[in-house]
Amino acid sequence: MARRLAGFLVLLLVVSICEAAFLFQPISDSHRSAALELFTPDHGSFKSLEETYEALRTFQILGIEKKPDLTATACRSISETVGSSSSTAKDLFYALKANSIAECKIDKKASKGIISRLNAAVSGASSLLDFYYSVGGLVLIKDQSSEADVHLADAEGVFRSVKAFSQSDGRWRYSSSNPESSAFAAGIALETLAGIVSLASSEIDQSLISTLKNDIIKLFDSIEKYDDGALYFDDKLVDGHEYQGPLSTTSSVLRGLTAFAAVTAENLNLPGDTMLGLAKFFLGICVPGDAKDFFNQIDSLACLESNRVSIPLILSFPSTVLSLTRKDSLKVGVSTVLGSEVPSLTVKLVGAFSSGSKDASLVESQELNFDKASGLHILNDLPKSIDVGSYTFVFEVVLHEPEHEEVYFMGSQTKVPISVTGLIKVENSEIAVLDSDLGSIESQKKLDLAGKNAISLSANHLQKLRLSFQLTTPHGRSFKPHQAFLKLRHESKVEHIFVVGNSGKQFEIVLNFLGLVEKFFYLSGKYDMELTIGDAAMNSLLVAIGHIELDLPEAPEKAPRPPPQPVDPYSRYGPKAEITHIFRAPEKRPPQELSLAFLGLTILPLLGFLIGLLRLGVNLKNFPTKPVPATFAVLFHVGIGAVLLLYVFFWVKLDLFQTLKLLGFLGVFLVFVGHRILSHLAAASAKLKSA
């Protein structure tokens, strides 16, 4: 369940990379830049030949010239793999895949050994992947060596063995012991069966081919679809195999489909928009951020570029936003999914509809002119019926040669969202204070909404405020923006917002202060006025009009109070108010004589200690005379003095932690030198007693 959810989240992330609009762009330089970033070798090589092949294949499809030189390291790995007797069918498969691009030399003896080992692997295969790697390896060695005689003696029997893994819904199992089936396995199976057909020495029974065609149709009956027409496959969790996700699954099915279509002459009878829907899915992903997903996308687009079912054509637009003021031209490009040129064709604009409207088309069908220099189809002048706003343009592509219609597919019609912008003129702007009873104008002033305004008005609760203006498009039609608001902000920061309505061309709002006194919380004073006009098709306006002084009646006792204004969250990080401390007056000190007497009393014990030493007859007769013991004796006494001095500093300057830290060092020092001098004294005393 967790892996299923993870796959869904990956799909959601991948699909949401692009814009929501139903637009699909062919491969561009952004893909080439991404390829160089995603496929970066580690110390000149990749971790496996599978990654090496994916990098080489991606660079080849995108035509990247300035790429890392991988040929030497790739050929070394390929040579080691094909020459090793322990290499599995999977190892040989990816070695030959990489060699199909690197074109390293494989001698005849090695080729014969590979063929023999892969044939043995086909004979002993018991799962779908066993057949896939062994048959795929034989197809690759056949394509790379024209002298090698590669074929399957019992191709039809191998075909039936692989076909035994198929299910009634078009999906396939990985092995006979695993009841779970998947579309990813179906893609592997189709690619394997295509290889068996190409290796067959005689024609495969057509009933088997017909049955397989029916399986393909059943498989595509389960394809899923997005609103934009993109088609994709997705699997439920398969026991024993990691969930692949829609991108890998759809890529696998597409590889198998195009491989099988390449080896059979019969038509697969798939709807023409199937390949176009798959192309929309892979192009809608834009640029994946994972190397494996990126390879699957590019390789799948290469399959769509040269498949025998139908080659999809893609409409691309340098810009979907056109300006009437700049007189922009409508430009449309038509190409394959990889951006290749297409045969001669005509692009027609067959309809244009206002977004959200079901009215008739605003334009008649007309052809776009083809510009050979740019390769674009251009409509220089937009029809006069197209004004500022959002539209859905409907395009139709017509191929000039009938035989090309069997090779390429564009779809009947393509709908594209187009936004038309332009300079919106603001005209007849005025603001007035009206008498509430008679409606007569008390004061009126013109506004310049495109410039600066400093209007000053005054009114009481018995009057009204009227604001009016007109918006005009470049074609002279009235314009209705998405948003038009008038904001009044009191000097206490209380704000009131009103929607400006419109009637025809005129935008007007009338504020009756008599009915708004309660909403204004009876707050008299200065109100700043601000007008906001916003729309995606115009340069939005945020205009400070000026201010109005309102004289409102006193608030009744039970009138609502203004709401508390939100506190700026960043104000908590600003400077705080200064804190002033007032200390109490110091205590009265004792007389100086008393303090000196107390000091004398504290010194008396020290004097008693010194007198005691003299009475005991303390002397330096036993002080060591030899240099080394004398040195330790001096250091011992210096250490004791340092401890006493440290106590003095503790009372004067140091704190407890600093004192303990220094005392620890001095204690270790005293233990060391004290032990040495005491050992010396003990030894000297022992010598005297023995003498």
Side-chain angles (χ1 to χ4, degrees), residues 4-28 30-31 169-171 182-184 186-187 216-237 243-258 270-290 292-294 296-301 303-305 307 309-317 320 335-338 353 355-356 390 392-395 397 409-418:
R4 173 72 174 174
L5 178 60
F8 172 77
L9 293 175
V10 169
L11 169 64
L12 182 63
L13 176 62
V14 164
V15 173
S16 63
I17 292 176
C18 292
E19 298 178 355
F22 298 162
L23 294 177
F24 304 94
Q25 301 291 341
I27 294 302
S28 61
S30 60
H31 287 80
D169 60 355
R171 298 175 185 267
S182 71
F184 185 87
I216 294 174
I217 294 173
K218 292 177 183 178
L219 176 63
F220 275 82
D221 287 341
S222 64
I223 199 168
E224 300 185 46
K225 184 177 182 179
Y226 288 120
D227 293 338
D228 58 3
L231 302 176
Y232 69 97
F233 290 92
D234 194 12
D235 278 330
K236 294 181 173 63
L237 184 64
Y243 175 72
Q244 297 295 331
L247 179 55
S248 297
T249 303
T250 309
S251 179
S252 174
V253 173
L254 181 58
R255 288 193 196 98
L257 175 68
T258 54
L270 290 175
D273 59 352
T274 300
M275 306 306 279
L276 180 61
L278 293 172
K280 289 181 178 180
F281 172 74
F282 288 110
L283 291 176
I285 299 171
C286 290
V287 182
D290 177 73
K292 186 71 175 181
D293 290 340
F294 190 88
N296 284 330
Q297 180 198 39
I298 299 301
D299 189 56
S300 299
L301 292 175
C303 292
L304 290 168
E305 183 88 354
N307 74 90
V309 181
S310 64
I311 299 176
L313 299 180
I314 301 297
L315 284 183
S316 59
F317 296 81
T320 56
S335 66
T336 63
V337 292
L338 293 181
F353 304 88
S355 296
S390 298
T392 299
F393 282 18
V394 182
F395 297 92
V397 175
F409 184 83
M410 181 66 230
S412 56
Q413 292 181 342
T414 304
K415 297 180 179 179
V416 180
I418 299 292

For residues [X] and [Y], establish whether the separation of their ring centroids is below 6.0 Å.
X	Y	answer
Phe393	Phe353	no
Phe233	Phe220	yes
Phe395	Phe317	yes

Go through the side-chain N and O atoms of Glu305 and Thr336 and say whether any donor and acceptor fall under 3.5 Å apart.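 Present: a donor and an acceptor within the cut-off.
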[X] and [Y]: which non-hydrogen atoms are nearest, and at how many Å?
X	Y	value
Pro26	Leu283	CA-CD2, 4.2 Å
Met275	Ser310	CG-OG, 3.4 Å
Cys303	Arg255	SG-CG, 4.1 Å
Ser30	Val287	OG-CG2, 4.1 Å
Met410	Leu313	SD-O, 3.2 Å
Asp273	Leu231	O-CD1, 4.1 Å

Test item: [X] side-chain N/O and [Y] main-chain N/O as donor-acceptor pair under 3.5 Å:
X	Y	value
Asp235	Phe184	yes
Gln297	Phe282	yes
Asn307	Leu304	yes
Ser248	Gly245	no
Thr274	Pro271	yes
Thr249	Gln244	no
Ser251	Leu247	no

Are any of the side-chain heavy atoms of Phe281 and Thr250 separated by less than 4.5 Å?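 SC-SC contact between Phe281 and Thr250 confirmed.
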Run the numbers on Thr414 and Val394 for side-chain contact (heavy atoms from CB on, under 4.5 Å), then give the verdict. CA-CA 6 Å; Thr414 304; Val394 182; over 6 Å; no
Look at the aromatic rings of Phe294 and His31 and report parallel, tilted or perpendicular, splitting at 30° and 60°.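 Rings of Phe294 and His31: tilted, 30 to 60°.
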Pair Thr392, Ile418 - check side-chain contact (heavy atoms from CB on, under 4.5 Å), show working. CA-CA 6 Å; Thr392 299; Ile418 299 292; over 6 Å; no
Nearest 0.5 angstrom please: Ile314 CD1 to Gln25 CD, how far?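 Reported to 0.5 Å precision, the distance equals 9.5 Å.
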Intermediate values then yes/no, side-chain contact (heavy atoms from CB on, under 4.5 Å), Ile223 and Leu278: CA-CA 10 Å; Ile223 199 168; Leu278 293 172; 4.1 Å; yes
Please determine whether side-chain contact (heavy atoms from CB on, under 4.5 Å) holds for the pair Ile27 and Val337, giving the CA-CA distance in whole Å, both sets of side-chain angles, and the decisive distance to 0.1 Å. CA-CA 6 Å; Ile27 294 302; Val337 292; 6.0 Å; no
